[in-house]
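Counting begins at 1 with the first residue of the sequence.
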Amino acid sequence: MRKTSLKARVGLTLAVPALVLLPLGTFRPNRVVRGIPLNAATLLEGKSLIAAVVVLVIAAGLYVFRDRIRNSMVLYVVPWLLGFVPGLLMLLLSQASPAGESFDMEVARISLSSGFWLLFAGILILQSGAPRGGILMTLTVLFAIAVPGVGLTPHLALYKEFINIEVTFYAELRRHLTLSLTSAAVALLPGILLGYVCHRHQRLREWILGVVNLFQVAPTLSLLGLIMIPLTYLSRNVPLVADLGIRGVGFAPAFIVLTLYCLLPITANAFSGFDQVEAAVVDSAVAIGMTKRQIFRQVLLPLALPVIFSGIRTAVTQNVGNTILAGLIGGGGMGALIFLGLSQSATDLVILGTIPVVLMALIFDVVFKLFEDRMTQRVGVAHDSLDTGI
C-alpha cells in the first residue's frame with residue numbers, strides 16, 4: 001500500500017466515525033455546566049450546509065479508494081474541498097440550539113466536542129497525503145481560524161472566551177513568544193561553543209554532554225523549583241538583583257530554565273556537525289596557512305551550519321511548548337490562560353490557550369526546516385542530523 005493511500009485511509013477512518021457517532025459540539029446554557037451534546041443528526045434539521053458536508057465525506061471515500069475506480073482528476077479536488085468542512089461545521093454549530101427550549105444566547109455558548117476535533121484531525125491526515133499537502137493543511141487551519149476570527153460564530157465558546165480576554169490574550173501571546181525565543185537565542189552561542197569543545201576535546205565531551213543532558217532529562221517543574229530557591233535568596237539579599245526585577249517567581253526563573261533546556265539540542269547538533277566535517281578538508285585548510293580561528297569561521301562553521309540549525313529548530317519548537325509551564329510561577333505566556341481555565345473548569349479557555357501554542361510550534365518547525373534545507377543546498381553537503389534522536 002502506498003504511503004499516500006495509507007494516510008488517506010487513516011484520515012477517513014478517523015473522520016467518518018467522528019461525524020456519525022460522536023458529538024460535534026456541546027450546547028452550554030452557561031460557562032461551566034455540562035451541556036447538551038450536538039451531533040450531526042441535530043444539525044441536519046433544516047440545514048443545507050450539513051448535506052454538503054456529508055457529500056464531501058462521501059467524496060473523500062471515493063478519493064481514498066480511487067485506485068479501485070477510474071482514476072479521475074476530479075477526485076484529486078476532494079482534499080481541497082475538505083478544507084472547508086471544519087469552518088462550515090463551526091458556522092453550523094454556532095447557530096445550533098436544542099429544540100423546544102429557550103436560552104439566553106448572551107450567556108449560552110457552544111463548545112466544540114470530541115467529534116469535531118477528531119474529524120478535523122482526520123481531514124488533516126487525509127490532506128497530508130495529497131499533492132501539496134503541507135500548503136493544503138495550512139490553508140485548512142487558516143480557514144478554520146478565519147471563520148470565528150471575522151466574527152461569523154458569535155455563539156461559539158472559543159470566540160466568547162477570546163472576546164472576554166482579548167487584551168490579555170495578545171499580551172500573554174507576546175510574552176510567550178518573547179520568553180521562548182529569547183531564551184533559545186541566549187542558548188545559541190554557548191551551545192555552539194560547547195559543541196565545538198566536544199569536537200576538539202574528547203576528555204571533556206562526556207562531561208559537557210552529561211551536564212547538558214541532565215538539564216534536559218530533569219522534570220521541568222523540579223528544575224523550576226530548584227532555580228527559584230537561589231533567585232529568591234539573591235533578590236532578598238542583593239539589592240541590585242532586586243532592582244533588576246529578578247525574583248524567585250516570574251520571568252527570570254522561567255527564562256533560565258528554558259535556556260538550560262535549549263542547550264542539549266544545540267550542543268549535540270553542533271558537536272555532530274563539527275564532527276562530520278572530513279579531516280581532509282581541515283588538513284587542506286591548514287596546508288594553505290589558515291589559522292585555527294579562520295578554520296573555525298570559514299571552514300568548520302559553514303559546513304556544520306545545517307546540522308546546527310537543525311538543533312536550533314528542535315530547541316525553538318520544544319521551547320514553545322515548555323514555556324507553558326512559566327504560567328505556573330507567574331512567568332506569563334499562554335500557560336497563564338491554560339492554568340486559569342483549569343482552575344475555573346473552563347475547558348474552552350484551556351483550548352483557547354493551547355491552540356496558539358500548537359500553531360506556533362508547527363509554524364516555527366516549518367520555517368526553520370525551510371531555512372535548514374536552504375543551508376544544506378547552499379553548502380552542498382548532506383549531513384546526518386541529531387534532531388530526531390534528542
Checklist entry - With a 3.5 Å cut-off and no angle check, do the side chains of Tyr170 and Arg174 form a donor-acceptor pair? => result no

Checklist entry - Hey, are Thr26 and Ser113 close enough side-chain-wise for a donor-acceptor pair under 3.5 Å? => result yes

Checklist entry - Once the angle between the rings of Trp117 and Phe120 is folded into 0 to 90°, is it parallel (under 30°), tilted (30 to 60°) or perpendicular (over 60°)? => result parallel

Checklist entry - Relative to each other, are the rings of Phe364 and Phe368 parallel, tilted or perpendicular (30° and 60° limits)? => result perpendicular

Item to check | Verdict with reasoning, Thr168 to Glu172, per side chain to side chain donor-acceptor pair (under 3.5 Å) | outcome: CA-CA 6 Å; Thr168 303; Glu172 297 298 351; over 6 Å; no

Over all heavy atoms of both residues, which pair between [X] and [Y] is shortest? Give the atoms and the distance, please.
| X | Y | answer |
| --- | --- | --- |
| Leu352 | Leu158 | N-CD2, 3.9 Å |
| Ala184 | Ile266 | O-CD1, 4.2 Å |
| Gly331 | Leu179 | O-CD2, 4.3 Å |
| Ile308 | Ala270 | CG1-CA, 3.7 Å |
| Leu82 | Gln127 | C-NE2, 3.9 Å |
| Pro154 | Ser94 | N-OG, 3.5 Å |

Item to check | Among Leu258, Thr314, Thr259, side-chain contact (heavy atoms from CB on, under 4.5 Å) partner for Asn319 | outcome: Leu258

Item to check | Over 12 foreign heavy atoms within 6.0 Å of CD, Glu166 | outcome: yes

Next on the checklist: Within the supplied structure, the quantity of interest is the number of heavy atoms (other residues, nucleotides, ligands) at a distance under 6.0 Å from Arg297 CZ; does it exceed 12?
Outcome noted: yes

Check: [Y] and [X] side chains under 4.5 Å, non-hydrogen atoms:
| X | Y | value |
| --- | --- | --- |
| Phe296 | Phe274 | yes |
| Leu22 | Pro17 | no |
| Ile36 | Arg28 | no |
| Ile165 | Leu349 | yes |
| Val257 | Leu223 | yes |
| His176 | Ile324 | yes |
| Leu325 | Leu328 | yes |
| Ser111 | Thr347 | no |

Item to check | Path from Met334 to Phe251 over hydrophobic side-chain contacts below 4.5 Å | outcome: no

Check for a donor-acceptor pair, side chain of [X] on one end and backbone N or O of [Y] on the other, with a separation under 3.5 Å.
| X | Y | answer |
| --- | --- | --- |
| Asn213 | Leu209 | no |
| Gln318 | Tyr261 | yes |
| Thr153 | Leu156 | no |
| Thr267 | Leu264 | no |

Next on the checklist: Assess the residue pair Arg109 and Asp348 against the criterion (salt bridge (charged side-chain N to carboxylate O under 4.0 Å, His left out)); give the C-alpha distance rounded to whole Å, side-chain angles, the decisive distance to 0.1 Å, and a yes or no.
Outcome noted: CA-CA 10 Å; Arg109 58 191 60 208; Asp348 296 295; 5.5 Å; no

Item to check | Verdict with reasoning, Lys369 to Asp373, per salt bridge (charged side-chain N to carboxylate O under 4.0 Å, His left out) | outcome: CA-CA 6 Å; Lys369 179 63 177 174; Asp373 293 341; 3.6 Å; yes

